[in-house]
Protein chains: 2
Amino acid sequence: MEVDKHLPKIIASQIVTDIINNVLESGEKVIEERYANSFGTSRGPVREALYILENEGMIERIPKRGSFVKKYNRQDLCDLFEVRGSLENMSLSRLKYPLQEDQVNEIDQIISDMATANMEVYAQLNNDFHYKVLSLSGNEVYKNIFSRLGTPLITLQKLVLETPESVKQSYEEHKMLWKAIKVGKINLAKAVLEDHIESGKRRFYEAVEKNKK
Amino acid sequence: MEVDKHLPKIIASQIVTDIINNVLESGEKVIEERYANSFGTSRGPVREALYILENEGMIERIPKRGSFVKKYNRQDLCDLFEVRGSLENMSLSRLKYPLQEDQVNEIDQIISDMATANMEVYAQLNNDFHYKVLSLSGNEVYKNIFSRLGTPLITLQKLVLETPESVKQSYEEHKMLWKAIKVGKINLAKAVLEDHIESGKRRFYEAVEKNKK
DNA sequence: TAAGTATAAATTGTTAACAATTTGTTGAAG
DNA sequence: CTTCAACAAATTGTTAACAATTTATACTTA
């Protein structure tokens, strides 16, 4: 990971961490001055961080009221899955073969890392995988939109991937998808992707039901 | 139009106007102090306006370098069309009949206004139409993403809708699409939408070719 | 002239104080 | 007990000055 000296981004990343770890709860107000104090800065950079996070879909800013941790309901999260999948599906139509070797190697590495990753790491690798696959098409617009959808999904992947079995199943799906892409079977890849999205949604619903109890 | 007293939004809207009217050219640097002076404010609110516009895809902010009017190439714009269409397509699957009467009336009104609108107004109405259609599904995530794609498209619609004939053709397409939605023929609507996207892209390419000369 | 370097100017980043607004609290009136 | 108004506290919005950085300019040297 590269170190980013841009202060607002550092603060933004800390806020995301706090959201993931439930230091900040869903719907909670994020008070500028508190983060300013905890970083020993003024409110300016915190403000900018909040704008960045609004862009990433983690924060909802209401003028003169404040910034709140964005609440997603079940439907919202399924929609995020769905839109992300749809973008990825479209990007598959754009692939140019042969694929670039370095990009292939990167994704190979992600798949390989997935095999032994714990839940937290897996959630991040999962996001990386989908981002890299989308990036294969070289499409800037898709990449841009994707990166705006990804962050909320990472935070919820932890919930979805509750059991080792669901991680295992997700892993197998990724391996299958990647194989289909590598050998250029686009239509197969699209079908696998569609299945992957469906089972992702299903796992998500199951996890939510479980958490209710 | 409602008056918004939130200063950064007012400034943001002025910057968008300047971009549309080519007062600010594509790729040009937007200097904070100039807008601060022209509004008689400090740089703070201008800064926030630029954050907002970054979120809307109109501005690209590069840390410590500045804010630039975002450049879109032909491929980017086609992709924006495509993603917007894809979102709209997905939302069509979510429609619940009977449609809400007030929403139907609003869209009827837009279609009606389109008949006599000039190019500038038409571009805005066009965006409104697609947004309202998407909103019929009540899907917050789709609406959210859509509103992040829309602004750059408005600015370019003026280019696409150069001739009265292309406006006329676009108008007929919208009428057809809306009719199909109203009578609940979703699959027909999807087909019409797909055509609409394709012809939109085609008109865009033609416009670009023309402008080259 | 060309390339590189020191300097100056312009611009963005950050801060701390103040203004405006919203939110919370208390107490009086019904 | 509830409702409402006045006040107090907390928080966001804005400002102006200063710091850090980038960009432009002029100058030196080969």
Side-chain angles (χ1 to χ4, degrees), chain A residues 1-19 22-71 144, chain B residues 1-19 22-71 144:
Chain A
M1 297 279 170
E2 64 196 306
V3 179
D4 196 332
K5 278 173 73 182
H6 198 233
L7 189 46
K9 281 186 184 164
I10 297 172
I11 298 173
S13 136
Q14 178 60 51
I15 294 176
V16 169
T17 303
D18 288 349
I19 293 173
N22 258 304
V23 176
L24 290 169
E25 283 173 39
S26 178
E28 186 177 344
K29 188 170 183 179
V30 180
I31 285 144
E32 297 172 1
E33 198 155 26
R34 283 193 205 149
Y35 274 93
N37 289 337
S38 83
F39 274 88
T41 69
S42 68
R43 279 166 47 222
V46 178
R47 228 137 202 287
E48 184 166 345
L50 290 169
Y51 272 103
I52 292 171
L53 293 176
E54 182 180 40
N55 199 19
E56 290 181 9
M58 295 298 284
I59 289 287
E60 186 163 14
R61 264 177 60 87
I62 304 174
K64 303 185 184 177
R65 308 293 293 291
S67 306
F68 304 84
V69 178
K70 189 153 180 179
K71 263 185 170 167
N144 191 307
Chain B
M1 296 282 166
E2 63 196 310
V3 180
D4 195 332
K5 279 173 74 181
H6 198 232
L7 189 46
K9 280 187 184 165
I10 298 172
I11 298 172
S13 135
Q14 177 61 49
I15 294 176
V16 170
T17 303
D18 287 349
I19 293 173
N22 257 302
V23 176
L24 290 169
E25 283 173 39
S26 177
E28 185 176 344
K29 187 171 184 178
V30 181
I31 285 145
E32 297 173 1
E33 198 154 25
R34 284 193 204 148
Y35 274 94
N37 289 338
S38 82
F39 274 88
T41 70
S42 69
R43 276 168 47 224
V46 177
R47 221 140 209 284
E48 307 232 340
L50 290 169
Y51 299 149
I52 292 170
L53 293 176
E54 183 178 37
N55 287 4
E56 290 181 8
M58 293 299 286
I59 289 287
E60 186 163 14
R61 265 173 57 85
I62 304 174
K64 302 181 185 181
R65 308 292 292 291
S67 306
F68 304 83
V69 179
K70 190 152 177 179
K71 262 185 169 167
N144 191 306

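Just so you know, these numbers come straight off a predicted model, no measurement behind them. So that the names make sense, note that chain A is the first sequence line, chain B the second, and so on, each numbered from 1.
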Taking all non-hydrogen atoms of both residues into account, name the closest pair between A:A49 and A:A12 and its distance.
->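 Closest approach of A:A49 to A:A12: CB-N, 3.7 Å.
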Of all heavy-atom pairs between A:E54 and B:N55, which one has the smallest distance, and what is that distance?
->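 Scanning both residues, the minimum pair turns out to be OE1-ND2, 3.5 Å.
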Atom-to-atom span, [atom1] of [X] to [atom2] of [N] - whole angstrom:
{"X": "A:R43", "N": "C:dA19", "atom1": "CZ", "atom2": "P", "value": "14 Å"}
{"X": "A:K29", "N": "C:dT21", "atom1": "NZ", "atom2": "P", "value": "15 Å"}
{"X": "B:E33", "N": "D:dT14", "atom1": "CD", "atom2": "C1'", "value": "15 Å"}
{"X": "B:Y35", "N": "C:dT11", "atom1": "OH", "atom2": "C1'", "value": "16 Å"}
{"X": "A:K9", "N": "C:dT12", "atom1": "NZ", "atom2": "C1'", "value": "15 Å"}
{"X": "A:H6", "N": "D:dT21", "atom1": "NE2", "atom2": "P", "value": "12 Å"}
{"X": "A:L7", "N": "C:dT14", "atom1": "CG", "atom2": "C1'", "value": "9 Å"}
{"X": "B:F39", "N": "D:dA16", "atom1": "CZ", "atom2": "P", "value": "17 Å"}

Does a donor on one side chain and an acceptor on the other come within less than 3.5 Å for B:D18 and B:Y35?
->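 There is such a pair between these side chains.
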Could you tell me whether the phosphate oxygens of D:dT11, OP1 or OP2, come under 4.0 Å of any side-chain nitrogen or oxygen in A:R34?
->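 So the side-chain polar atoms of A:R34 do come within 4.0 Å of the phosphate oxygens OP1 or OP2 of D:dT11, strictly under.
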A:F39 side chain reached by A:I10 side chain, heavy atoms, under 4.5 Å |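 When only atoms from C-beta onward are counted, A:F39 and A:I10 do touch, with a gap below 4.5 Å.
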Stretch residues 61-68 of chain B: residues that reach within less than 4.0 Å of DNA chain C through a heavy atom =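 By residue number: B:P63, B:K64, B:R65, B:G66.
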Between D:dT14, C:dT14, D:dT12, which one does the side chain of A:P45 approach most closely?
->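 Looking only at side-chain atoms, A:P45 lies closest to C:dT14.
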So which nucleotide from C:dT12, C:dT15, D:dT15 ends up closest to the side chain of B:T41?
->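 The answer is D:dT15.
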Salt bridge (charged side-chain N to carboxylate O under 4.0 Å, His left out) contacts touching residues 27-38 of chain A (sequence neighbours left out) |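 Qualifying pairs, neighbours excluded: A:E32-A:R43, A:E32-A:R47.
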Give B:E32 one of three labels, base, sugar-phosphate or nothing, depending on what nucleic acid heavy atoms sit under 4.0 Å from its own.
->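 It contacts sugar-phosphate atoms only.
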With a non-hydrogen cut-off below 4.0 angstrom, is A:V46 in contact with a base, only sugar-phosphate, or nothing?
->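 No contact at all - A:V46 keeps every heavy atom at 4.0 Å or more from the nucleic acid.
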When you measure from the side chain of B:T41 to the backbone N and O of B:N37, does any donor-acceptor pair fall under 3.5 Å?
->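 No, because the side chain of B:T41 does not come within donor-acceptor range (under 3.5 Å) of the backbone of B:N37.
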Does a side-chain N-to-carboxylate-O contact under 4.0 Å join A:R61 and B:E48?
->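 Between B:E48 and A:R61 there is a salt bridge, with a charged N closer than 4.0 Å to a carboxylate O.
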